[in-house]
Amino acid sequence: MVRIFDTTLRDGEQAPGFSMNTAEKLQLARRLESLGVDVIEAGFPIASQGDFEAVREVARDIKHSTVAGLARARREDIDAALGALERAARPRVHVFLATSDLHLKHKLRISRTEALESIGKMVEYAKGHCPEVEFSAEDASRSDVEFLGQAFSVAADAGATILNAPDTVGYATPEEYGGMFRALRSKVSGRPGVIWSAHCHNDLGLAVANSLAAVKAGARQVECTINGIGERAGNAAMEEIAVALAVRPDRYETGTRLRLNELYATSRLLSEITGVSVPPNKAVVGANAFAHEAGIHQDGILKNPLTYQVISPEAVGVPAHRLVLGKHSGRNALRARLAELGVIISEDELRECYRQVMALADAKKEITDEDIKRLAGRPSANASISDVAV
Ligand code: KIV
Ligand code: ZN
């Protein structure tokens, strides 16, 4: 089973335009728990008083999911995380330190030896106060894999049971990222109970592909966000990973505990809270994800939805597939839509109605139900002037 670690409230919230207050975070956290998320990363408690309070409130409220608080490998960060997680039923301190030479030299200005020392000391400190500790090697995908193996060995020996190897800047390719997990699993072997974790950013549009490559290579936790929100181009989208695992068990031989039919409502709640809408072509939860306009596709869908859909809309909580009537649509789709609207007409009337719908479709982007009823000679009693105007 792949554990889903949701970081919408931390990495997602860090993105410009996505900040949430404590009440909003709590509302979303409850929804994530209902969705079946294994771990909710509620924030970075040292970052601000607001972040601390949000983690504290989420930790108090959530009973089934683990609640994680992020901390740099520093005592004051870990203390803040421990304070915020005090009332959590299942707390996890998430300690991170960069391991790439680029970050060590230019950002942290410490040597590899000093980094290993900090990892060992700080993971041990966190473990002394919290039953579950995760260690993340920031910029893992651009780190020397030998050194990365040493860093994870030190973290595991100090008590970390979840080892996360992020592609922090979205640079890795799926082959590379999967290869890194295979190498790490053999270098840091003989530690039963350790769970390897993937955390991918979407700078090259590869975050979901990389996360799946990591799963294929043995990772059993993926860190992701609702709608793929997150720093810069975002994090891996939870709904896409979960659905890919559900649709392709032949390929991945594992799944998640998520209630997939709550994905759509969760996605919409996040949009409502942040005021940022989901692009229509977004996989799984976009408005067009189950919409069909081309006549050939509509005909196929009406005969058997599997012809043009790899997953049913109901499975992810979308009310039903939508046959969109536009200039690419066929007569079968029009007949089906009219029947849905309770309008039964003869074949001759259908032919004429179709001709008029196509003429209108050349002038208008999308044909509404009111347009269809009017052209079929059954306008609604309360249709407004604008409904009937072209
Ligand atoms: O992208 C990253 O490396 C992170 C870590 C803090 C886990 O978000
Ligand atoms: Zn990240």
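The analysis underlying the following values was restricted to heavy atoms, covering all of them including side chains, and did not include hydrogens, waters or symmetry mates. Here, residue 1 is the first one in the sequence, and each next residue gets the next number. Note that the structure is a prediction, hence the values are computed from the model and not measured. Whatever order the structure lists ligands and atoms in, that order sets their numbers, starting from 1.
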Would you check, one step at a time, whether the test side-chain contact (heavy atoms from CB on, under 4.5 Å) holds for Glu134 with Phe96?
CA-CA 8 Å; Glu134 167 169 342; Phe96 76 98; over 6 Å; no
The Zn ion (ligand 2) - number of protein N/O/S atoms closer than 2.8 Å:
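Excluding waters, the total comes to 3.
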Quick one: do the [X] and [Y] side chains pair a donor with an acceptor below 3.5 Å?
| X | Y | answer |
| --- | --- | --- |
| Asp11 | His201 | yes |
| Gln221 | His199 | no |
| Ser143 | Thr99 | yes |

Can you list the residues that meet the salt bridge (Lys or Arg N to Asp or Glu O under 4.0 Å) rule with Arg232, with sequence neighbours excluded?
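Listed in chain order: Asp203.
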Contact partition for His199 relative to ligand 1, non-hydrogen atoms under 4.0 Å
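Under 4.0 Å from ligand 1, His199 contributes side-chain atoms alone.
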Under 4.0 Å from a heavy atom of [X]: which atoms of ligand 1 are those, numbered in the order shown and with their elements?
| X | value |
| --- | --- |
| Asp11 | 8 (O) |
| Ser136 | 7 (C) |
| Glu138 | 3 (O) |
| His201 | 1 (O) |

Pairwise salt bridge (charged side-chain N to carboxylate O under 4.0 Å, His left out) hits with a residue in residues 159-186, at least two apart:
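Pairs touching residues 159-186 that pass the test: none.
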Mind jotting down which residue pairs meet the salt bridge (charged side-chain N to carboxylate O under 4.0 Å, His left out) criterion with at least one end in residues 30-54? Sequence neighbours excluded, please.
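For residues 30-54: Arg10-Glu41, Lys25-Asp51, Arg30-Asp61, Asp38-Arg257.
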In plain terms, say whether Asp101 and Arg142 are close enough for a salt bridge, that is, a side-chain N and a carboxylate O under 4.0 Å apart.
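No, Asp101 and Arg142 are not salt-bridged.
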Heavy-atom nearest neighbour of atom 5 (C) of ligand 1 within options Arg72, Arg10, Glu223:
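It is Arg10 that holds the nearest heavy atom.
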Within 45° cone and under 6.0 Å: Arg75 NZ/CZ vs Tyr125 ring
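That pair qualifies as a cation-pi contact.
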In the protein, which heavy atom is nearest to atom 3 (O) of ligand 1, and how far is it?
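Here the closest protein heavy atom is Thr168 OG1, 2.6 Å.
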